[in-house]
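It should be emphasised that the depicted structure is a prediction, and the values quoted were computed from it without experimental measurement. Every chain is numbered from 1, with letters handed out A, B, ... down the list of sequences.
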Amino acid sequence: MINMENKNFIRTIIEQDLASKKHDKIVTRFPPEPNGLMHLGHARAIVMNYILSKDYGGRFHLRFDDTNPVKEDTIFVEGIKKDIAWLGCHWDDLYYASDYFDQMYQRALVLVKKGMAYVCDLSAEEIKAHRGDLKTHGIDSPYRNRSIEENLRLFEAMKNGAFADGEKVLRAKIDMKSPNINMRDPIIYRIQRAHHHNTQDDWCIYPMYDFAHPLEDAIEGITHSLCSLEFEDHRPLYDWFVKHTEMPKVPRQIEFGKLKIANQVIGKRLIRQLVDDHVVEGWDDPRLITLSGLRRRGVPPLAIHDFVKALGLPKSEGFTEISMLDEFIRERLKMNAKRIHAVIDPIKVIITNYPADKHEVLEAPLNRENEALGSRELTFSNTVYIERDDFLENKPNKKWKRLSLGIEVRLMHAYFIKANDVEYDENGLVTTIYATYDKETKSGSGFNERKPNGNIHFVDAKTAKPAEIRLYEDLVENVDDGRPVEEKINADSKQVKYGFIEGGINPEVEETFQFTRLGYFTLDKDTDDQRLVFNRTVSLKSSFKPKNK
RNA sequence: UGGGCUAUAGCCAAGAGGUUAAGGCAUCGGACUUUGACUCCGACAUCGAAGGUUCGAAUCCUUCUAGCCCAGCCA
């Protein structure tokens with residue numbers, strides 16, 4: 001299942017370009033704007049750009065598209081670098097769009113000198129009004145026919161700070177009647193006095209995306225510039241700028257469909273809102289599908305690669321179910337995670353015929369499917385915890401493979417026990433089960449005279465380590481039904497349980513374990529000397545369906 | 001309604017005129033099992049619709065239908 005990458009049309013294009021010698025090596029890039037952190041949707045672009053460059057022996061650039069200082073922040077550039085490094089998509093070169101501000105200015109001058117750009121004095125509202133709308137073409141700006149000399153003088157004055165913010169803009173002179181609104185004399189530069197994280201206060205004019213992006217690509221020699229479908233309408237403009245600014249290298253923009261996940265909060269804007277409103281506990285909240293959230297939840301980066309590769313790069317856009325990612329996570333963890341016992345919702349079991357002062361140390365493998373992981377010591381005594389779900393006073397049906405009164409089950413790696421009696425608290429909740437064990441049934445002894453009614457896991461109460469275990473469910477219900485997210489927050493999306501893990505284990509932060517029969521859990525950074533904190537990474541699959549009767 | 005796209009199973013997704021329309025996820029059976037896990041077997045589509053071209057079409061043509069994107073001095 002792993003490494004089954006779907007073919008895609010972009011690979012076809014690259015292979016053709018290589019075969020025809022249009023390029024002898026390809027260069028791709030991932031160009032985030034540092035105004036938030038990366039999420040699973042971005043992972044598609046990051047991983048595919050990275051993999052494509054590797055598969056065809058090319059280079060992969062990480063470039064921060066920092067052309068709008070009022071929205072961007074250096075804390076996001078650091079966060080994004082960290083996320084991408086964690087994903088394992090190592091960039092060959094790191095750039096900033098702001099590194100090219102001077103070159104971009106020079107190229108804008110080329111346009112002005114060719115009479116293909118002009119300084120416009122219209123206000124933002126007037127420009128909007130002149131632009132027309134979807135079915136009405138625009139009308140020319142009264143400043144459209146200024147002389148080249150005047151445009152040169154004015155543009156330079158813009159750059160030198162002679163005008164107030166918003167007073168003037170530089171526009172491309174294309175076609176106000178174009179059915180493609182992007183071609184109706186788009187703005188190239190705006191005046192914006194803001195402190196830039198990289199260039200400080202060197203500039204008071206900043207290039208717009210449509211102008212900056214193609215130049216960035218061309219400057220870096222990007223051969224295949226991948227972006228999402230919404231930019232298809234911008235491609236004619238992209239090509240126009242590359243051509244008319246006379247860039248020596250010509251990149252090709254190719255669009256693919258965005259990755260959307262059903263019932264998950266995706267989209268930087270929405271995630272930022274949840275973070276700012278404290279609906280979640282930060283960008284790395286494990287309920288978020290930000291890369292940092294996935295990391296904190298314990299998702300292996302390669303599971304994300306598998307997921308992205310399985311999806312390919314289609315031009316269609318649909319909602320992928322998160323269960324697909326879950327399966328890749330389990331697949332990646334299966335062989336590598338240590339499998340230990342933990343009880344999330346404990347019930348105490350007292351084994352009445354086991355000596356109260358006795359204490360055994362049993363040996364158990366850490367992963368039956370991967371002997372290389374070795375084994376651990378599991379302790380056993382007359383008091384153990386089992387999972388509340390693993391006991392029902394009366395065996396409900398023949399399918400029930402767990403403990404009930406008068407029924408015998410095996411405590412994995414230990415002994416068969418039979419429940420004999422049970423105590424409840426005032427609410428009718430089981431507090432203690434009294435059981436007896438059969439010492440002939442010790443695991444590893446070869447005993448096979450009878451079969452237990454199932455195998456359940458346990459933790460020795462006398463050596464157990466308390467653990468806070470955080471279970472996560474969907475953050476928002478019916479995310480995609482169009483109603484505002486804040487109305488649909490799932491109050492139970494984070495559940496905190498207090499259980500135990502077996503005593504011989506010393507987990508490290510970010511280490512993932514399989515808690516036998518329960519799922520995969522990862523030690524959270526909130527762990528301290530007082531408590532172990534685990535996040536549920538993903539549960540195990542289960543075909544168990546409680547049947548009435 | 002101007003322009004640009006998309007449409008293959010419950011969810012993704014290959015397929016680019018010619019074997020029984022890949023594969024994954026999910027689901028449902030069954031085998032195995034000291035994890036109701038894993039593994040293993042088995043089931044699960046005529047390709048948005050209607051016409052047409054062709055010996056032959058998911059693949060070509062026509063006309064529809066549905067959905068997405070575009071009117072920031074955001075990216």
Side-chain angles (χ1 to χ4, degrees), chain A residues 1-2 4-9 12 31-33 35 65-68 70-72 120 122-124 127-129 131-138 165-171 178-184 186-192 205-206 208-210 212-213 227-236 255 257-259 262 268 306-307 310-312 314-328 330-331 334-335 339 341 364 368-369 399-402 409-414 416 443-444 451-452 454-457 514-519 539-545:
Chain A
M1 182 208 308
I2 284 179
M4 295 203 85
E5 180 187 342
N6 275 316
K7 287 206 176 68
N8 60 67
F9 75 103
T12 307
E33 183 186 17
N35 65 347
D65 211 353
D66 53 353
T67 56
N68 187 357
V70 309
K71 288 190 168 185
E72 296 149 7
C120 182
L122 255 24
S123 68
I127 286 179
K128 179 178 165 62
R131 188 154 36 220
D133 59 29
L134 297 182
K135 39 198 159 193
T136 316
H137 62 65
D165 286 13
E167 194 177 332
K168 285 179 168 42
V169 291
L170 182 73
R171 293 227 252 170
S178 172
N180 181 345
I181 295 178
N182 295 301
M183 301 300 273
R184 319 235 262 229
I187 292 169
I188 300 176
Y189 269 95
R190 76 280 211 185
I191 303 171
Q192 204 165 53
I205 58 170
Y206 290 94
M208 297 288 288
Y209 168 86
D210 282 315
H213 206 86
C227 65
S228 48
L229 250 28
E230 67 216 86
F231 293 103
E232 277 181 311
D233 290 342
H234 297 243
R235 195 187 332 128
E255 311 82 14
K258 260 186 177 154
L259 170 56
K268 247 197 247 182
D306 295 336
F307 178 67
L311 261 23
K315 287 198 76 167
S316 56
E317 281 185 319
F319 287 94
T320 299
E321 292 174 349
I322 196 72
S323 61
M324 200 160 159
L325 206 217
D326 290 342
E327 189 53 20
F328 284 117
R330 292 186 196 99
E331 188 74 24
K334 183 172 68 179
M335 301 301 283
R339 303 176 182 181
H341 289 183
R368 299 181 96 89
E369 295 179 75
K399 294 264 192 179
W400 179 257
K401 293 297 180 196
R402 304 181 185 185
V409 298
R410 172 168 27 225
L411 293 179
M412 293 174 70
H413 306 301
F416 289 13
S443 288
K451 292 281 184 195
N455 303 286
I456 66 173
H457 60 94
Q514 183 192 115
F515 289 175
T516 302
R517 301 207 306 134
L518 299 174
S539 59
L540 247 26
K541 281 199 282 197
S542 173
S543 57
F544 173 59
K545 290 164 205 68

When you compare [N] with [M], how far apart are their [atom1] atoms, in angstrom units rounded to a whole number?
| N | M | atom1 | answer |
| --- | --- | --- | --- |
| A7(B) | A16(B) | P | 15 Å |
| A26(B) | U65(B) | C1' | 29 Å |
| C40(B) | U33(B) | C1' | 12 Å |
| A49(B) | G42(B) | P | 30 Å |

Sidechain-backbone polar pair: [X] side chain, [Y] backbone, donor-acceptor under 3.5 Å:
| X | Y | value |
| --- | --- | --- |
| Ser542(A) | Phe544(A) | yes |
| Glu369(A) | Met335(A) | no |
| Asn180(A) | Asp233(A) | yes |
| Asn35(A) | Lys71(A) | no |

hbond_proxy Asp233(A) side chain to G3(B) base (donor-acceptor, 3.5 Å cutoff): yes

With respect to the side chain of [X], which nucleotide from [options] is positioned closest?
| X | options | answer |
| --- | --- | --- |
| Asp65(A) | A75(B), G3(B), A16(B) | A75(B) |
| Asp133(A) | A75(B), C73(B), A71(B) | A71(B) |
| Leu134(A) | C70(B), G72(B), C12(B) | C70(B) |
| Lys401(A) | A37(B), G36(B), C69(B) | G36(B) |
| Glu232(A) | C38(B), C68(B), G4(B) | G4(B) |
| Arg410(A) | C74(B), G36(B), U34(B) | U34(B) |
| Leu311(A) | C11(B), C12(B), U34(B) | C12(B) |
| Asn180(A) | A37(B), G24(B), G3(B) | G3(B) |
| Trp400(A) | G2(B), G36(B), A75(B) | G36(B) |
| Lys334(A) | C73(B), U6(B), U39(B) | U39(B) |

Syn-anti status, with the boundary at 90° from 0, for the nucleotide G72(B): syn

When all nucleic acid strands are considered with a 4.0 Å heavy-atom cut-off, which category describes [X]: base, sugar-phosphate, or nothing?
| X | result |
| --- | --- |
| Gln192(A) | sugar-phosphate |
| Gly166(A) | base |
| Ile322(A) | nothing |
| His137(A) | nothing |
| His234(A) | base |
| Arg402(A) | base |
| Phe231(A) | base |
| Ile127(A) | base |
| Ser323(A) | sugar-phosphate |
| Lys168(A) | nothing |
| Ser123(A) | base |
| Thr12(A) | base |

Leu411(A) or Leu229(A), whichever maps to the more 5' nucleotide of RNA chain B: Leu229(A)

Under-4.0 Å side-chain N/O to phosphate OP1/OP2 contact, [X] with [N]:
| X | N | result |
| --- | --- | --- |
| Ser543(A) | A37(B) | yes |
| Arg131(A) | G2(B) | no |
| Arg330(A) | C38(B) | no |

Using Watson-Crick or G-U wobble geometry with both distances under 3.5 Å, which nucleotide pairs with [N]?
| N | answer |
| --- | --- |
| A66(B) | U6(B) |
| U46(B) | none |
| A58(B) | none |
| U39(B) | A31(B) |
| A21(B) | none |
| A75(B) | none |

Aromatic plane relationship, Phe231(A) with Tyr209(A) - under 30° parallel, 30 to 60° tilted, over 60° perpendicular: tilted

is_close_aromatic(His341(A), His413(A)), centroid dist under 6.0 Å: yes

Arg171(A) side chain near Ile127(A) side chain, heavy-atom distance below 4.5 Å: yes

Atom-pair distance (CD1 on Ile181(A); C1' on A71(B)), nearest Å: 4 Å

